[in-house]
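Order of the sequence lines fixes the chain letters, A, B, ..., with proteins taken first and strands second; residue numbering starts at 1 for each chain.
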Amino acid sequence: MPDSQLSKQYTWESVEDKWYKHWLESGTFHADAHSDKPPYTIVIPPPNVTGVLTMGHVLNNTIQDILIRKARMEGKNACWIPGTDHASIATEGKVTAKLEKDGISKKDISREEFLKHAWAWKDEYGGIIIRQLKKLGCSCDWERERFTMDEGYSKAVLEAFVKLYERGLIYRGHRLVNWCPASQSAISDEEVNHKEVNGKLWHFRYPVEDSDESVIVATTRPETMLGDTAVAVHPDDKRYKHLHGKSVLLPLTDRKIPIITDEYVDIEFGTGCLKVTPAHDPNDFELGEKHALDFINIMNADATLNDNVPKPYRNLSREEARKIVLEDLDKKGSLEKTEEHLHKVGYSERGNVPIEYYLSDQWFVRMKDLADPAIEVVKSGKIKFHPEHWTKTYDHWMENIKDWCISRQLIWGHRIPVWYCRGGDKDQCQIECKEPVVSIAKPDACSVCGSKDMVQDPDVLDTWASSWLWPFGVHNWPVESDDLKTFYPTDVLVTGPDIIFFWVARMIMAGQEFCGDIPFSDVYFTSILRDEKGQKFSKSLGNSPDPFDLFEKYGTDAVRFGMMLMAPQGLDVLFSETRLEVGRNFMNKLWNAARFVQMNLHETELPSGELDIPSLDLPERWILFRLNQTIEQFNRRLNEFHFNEAAKTLYEFTWSDFCDWYVEIAKTRFQSGDAAKADVARKVAVKVLKDILKMLHPYAPFMTEELWESFKIETESNLITTPWPESTSSQDIQDEIASMDVLKEVISAVRTIRSRMNVPPASKANVLVRSPNGSSEVLKEYESIVKSLAKVEDMTMGDSIEKPDHAATAVIRKMEIFVPLEGLIDLDVERTRLTKRQTELDGFIIQIQKKLSNDNFLLRAPEDVVQKEKEKLADMESELERINSNLEMLS
RNA sequence: GGGCGCUUAGCUCAGUUGGUCAGAGCGCUGCCCUUACAAGGCAGAAGUCACAAGUUCGAGUCUUGUAGCGCCCACCA
């Protein structure tokens, strides 16, 4: 029984924290690995430990919370595993920046010291986003919170490395990698963003040796010419046939480099003559390997030029070097011309500086063998993507997968479990001990020379080489445990399509490789959030609103519900704050509907007991039927991951059917003095309201739980663990729905006339209904409802009613509604109204007649479709007839 | 250069397997503080469903093409 009156407006400040605390303390978020209930598991996409909550997180985590709360109410063993990611390169960047602010350079401190600072940073900021997720209402199993550098998790990461190495899927290679000069580390292809840049194409003249001739090459990166080791032309290019086998003299250096031929060269582009810089360009690298060219690395790790270039250029930044190289070439007359040139430049995602292609020793994962089974499970539908079209993107990437560079020249992360011998006889070791030892623990001694001087590889692993194990790493795989058995595989992954390659694809590969099973069966890709101008929300643009400002302004439930309402499946969402008002207004609407119902309850008791539906009156049967329909549709849409449509279904039912119609009807019941009818209306209203609360709870957990408290009976638990509503197999009561529609249409028609004719709301009108052979049965039975909702004084019905002189008319089905208006009637308005409807009907009737006179339609369309058209035509013709006669009377 | 997606009311978008007069929210117009709610109620105006062809008895919905916009992938110096 409600022990306190609800306030006039929903105020969330006190409610949200109260319930979150209560849920937490009562252990409702915790899942037991030994439960009999079927498990339903989600692992959170672990936010960066340095992160703060963004609107993207709000969207993503609300969806997960909806899924997990629904599963919990459905009686499943719902387990949502939270945690954070160490985010190697991002965190290291932040820590480095902070140290620099404090006057400490990363270069000047030891690895151990840096790690100390990094952990301190993690301890200080690592909890922020977790607290924020709690504020959002996320019902995670916080007892299972994990961090990707936890002891057990780290072990899993290293185990995975060792296993892959033993299977021959990991190798060390001296290769050209994407190099971020800002963080001075290798990065993967996926961490490079290509931006279109207005650059220039410079043409240089390289003199041919022992000749007056010269060749002209074109480049967008003049400074790399210092590392050129060849010039390439197409073997069939007639212009250069006579130069095959000759050499050119590289300006600014004293080097002589060969002219080689390769079909890779595009005859059409530029001069058809290509400068080759094998150590600084991926294509040139391949040419270099193919033609056994020299690889001259001309850069330091920070992208300044090194000692492999002539003195004047050493230690210059690449930008300065470009300038000076161009000046010097120009002075020498080697700069032929300069053209404007639009091209793409790769930028480091984290460092936001142009990347270099840099020759270095790195660790790689051979991806092909891992990719094949992962392609298969998506193709076969064992893993389903929502929306489905992302499978194409996935396929394309997987089919063309390249080896994955997983080593990073960073400190914060999982250190690569590889050991090198540094002892013994130096020369012998160079030859004999080249094979490193791969092992989690430090080996006692070198197996070749016996030296105990073993050093660990200084690099750490790419963050994604840890997070790809997340669905089972959280259970300390490979340790066998009940948790791992119960909660792996998980059910659904909710994430953004931007990390489909980084994370989703790799988790699918890891799951199968290490656990022999897919990590999840459904992947829901969230929308990308944009502002009203269509720009992506981003920190650098500063266009992302602070979720907490919004929570405060609209209430967390309203933000959650509003977000879900505006986030269609698979499309970008244009976020606008005014749309959250819809959510807030809805919360308030429901709050007040509940308040109204509560106000009309008996003092001491909530209605209980089953409703005997067949014995109920039409409006009650109707709203319960609509409720059942709504439950059915709501569940179906949620099961299809159509969160916005489910929300809309519930919104419309609650606002339009329940509040606008049923609650208004219930008012007439309460005021009628008929205690039995009032009692039934109370029961029905409470039943409908409670089912609305159940369905809405996953979207708006706080307010629904608060309202539930007012309506739950003793045997019921808190809403969070109350059984989920299921639709009953709905009996066919279409006729009754139609009757209810007639009732509603008559009420609306009278209201329209009143409004159009400016009848003051306070004054009541009389209504006459001409209804041939008892077509107004429903009206008679529910006369009091019509009177009340349409503000009608007297209602006269019969088949021989005469139209009064000054009356406005409406036609509903076979009924003619007359509203006598004495002097109030405006003939022009009346004529316009009727004429408009007349024109509409004319159009429709012609269309239907056309259809019905089409023999093919009659022949081929299903019987019921034809029948429906015929009925439609008859109805419209009869309505038109009545409209026409009423129009005639006006003239 | 490939791939994917979008184009429905002034704005933002729904529209499930083709067949109940094309829907919602915001905005707009009129009336109303009718004791659940003015964050509200009632009523209203507003759309040749981008364009073209095709399949079909029937297309916003399926096929193809065209145009515009957006995203992803790709080594053209």
Side-chain angles (χ1 to χ4, degrees), chain A residues 6 8-10 194 201 217-221 232 264-266 268-277 281-286 341 343-344 387 389-390 392-393 395-397 400 497-498 500-501 528 530 532 534 536 554 558 565-566 568 570-576 578-579 581-582 584-600 633 636-637 640 642 644-645 648 651-652 656 659-660 663-664 667 748 751-756 758-762 789-791 840-841 843-844 847-848 851 854-862 864-866 868-869 871-872 876:
Chain A
L6 297 171
K8 189 170 170 183
Q9 289 201 337
Y10 169 52
H194 293 272
L201 191 60
V217 297
T219 182
T220 54
R221 299 209 50 199
Y264 164 76
V265 180
D266 182 352
E268 305 295 322
F269 190 92
T271 57
C273 192
L274 173 71
K275 70 190 257 314
V276 183
T277 323
D281 180 277
N283 297 307
D284 294 3
F285 179 82
E286 276 182 33
H341 185 62
H343 66 130
K344 299 265 178 80
H389 68 79
W390 286 112
K392 295 190 179 165
T393 306
D395 271 345
H396 184 258
W397 188 74
N400 299 290
D498 50 332
I500 188 166
F501 307 135
I528 290 171
R530 299 174 183 281
E532 278 137 286
K536 214 164 147 176
Y554 301 102
L565 208 52
M566 73 173 105
L571 294 176
D572 294 351
V573 52
L574 297 190
F575 179 85
S576 107
T578 59
R579 303 175 72 175
E581 289 178 12
V582 177
R584 180 199 56 187
N585 296 354
F586 182 55
M587 293 304 131
N588 196 238
K589 184 76 179 176
L590 181 59
W591 179 265
N592 275 288
R595 194 159 72 95
F596 171 78
V597 173
Q598 189 205 40
M599 279 165 53
N600 285 285
Q633 200 167 47
R636 182 152 42 84
R637 291 184 163 168
E640 290 166 351
H642 289 146
N644 64 325
E645 289 172 45
K648 207 174 199 172
Y651 176 94
E652 278 168 6
S656 307
C659 292
D660 289 349
V663 168
E664 291 305 315
K667 280 181 191 172
S748 290
R751 283 169 171 173
T752 303
I753 289 170
R754 294 177 57 105
S755 173
R756 292 270 107 172
N758 292 315
V759 178
L789 297 199
K791 295 244 162 70
E840 273 176 4
L841 285 169
F844 293 137
Q847 266 180 21
I848 301 174
K851 236 186 211 179
N854 181 342
D855 289 341
N856 268 324
F857 175 70
L858 297 174
L859 210 68
R860 306 200 190 199
D864 59 315
V865 172
V866 176
K868 255 186 211 159
E869 290 296 316
E871 280 167 22
K872 213 158 78 184
M876 285 186 177

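The side chain of A/Asn588 approaches B/rC37 more closely than any other nucleotide in the set B/rC37, B/rA36, B/rC42. Side-chain proximity of A/Asn592 to the nucleotides B/rC37, B/rG5, B/rU34 is greatest for B/rC37.
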Using atom names, set out every protein N or O paired with an N or O of nucleotides 29-32 of chain B below 3.5 Å, distance rounded to 0.1 Å.
none

Enumerate all atom pairs, one protein N or O and one N or O from nucleotides 16-19 of chain B, separated by less than 3.5 Å.
{"unit_1": "B/rU16", "atom_1": "O2", "unit_2": "A/Arg636", "atom_2": "NH1", "d": "3.4"}

Expected rows: protein N/O vs nucleotides 21-28 of chain B N/O, under 3.5 Å:
{"unit_1": "B/rC21", "atom_1": "OP2", "unit_2": "A/Lys872", "atom_2": "NZ", "d": "3.3"}
{"unit_1": "B/rC21", "atom_1": "N4", "unit_2": "A/Arg837", "atom_2": "NH2", "d": "3.1"}

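Among the protein residues, A/Asp660 comes within range of the sugar-phosphate backbone only, with heavy atoms under 4.0 Å from sugar or phosphate atoms but none that close to a base. Using a 4.0 Å heavy-atom criterion, one finds that A/Arg595 contacts the sugar-phosphate atoms exclusively.
Residues passing the side-chain contact (heavy atoms from CB on, under 4.5 Å) test with A/Arg221, sequence neighbours excluded: A/Thr219, A/Glu223, A/Thr224, A/Met299, A/Arg318, A/Arg322, A/Glu356.
A stem is defined here as three or more consecutive Watson-Crick or G-U pairs, each with both distances under 3.5 Å; for RNA chain B these stems are B:1-7 with B:67-73, B:10-13 with B:23-26, B:28-32 with B:40-44, B:50-54 with B:62-66.
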Sugar-phosphate or base contact per nucleotide [nucleotides 69-77 of chain B; S, B, -; heavy atom under 4.0 Å]: --S-SBBBB

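Closest non-hydrogen pair, A/Leu274 versus A/Tyr264, comes out as CD2-CE2, 3.8 Å.
Between the base of B/rA36 and the side chain of A/Glu664 there is a donor-acceptor pair shorter than 3.5 Å. Residue-to-nucleotide contacts include a donor-acceptor pair under 3.5 Å from the side chain of A/Lys589 to the base of B/rC37.
Rounded to the nearest Å, the gap between the C1' atom of B/rU8 and that of B/rA46 is 14 Å. Comparing B/rC49 with B/rC62, their C1' atoms sit 16 Å apart, to the nearest whole Å. Taking the P atom of each, B/rG58 and B/rG18 are spaced 15 Å apart, rounded to whole Å.
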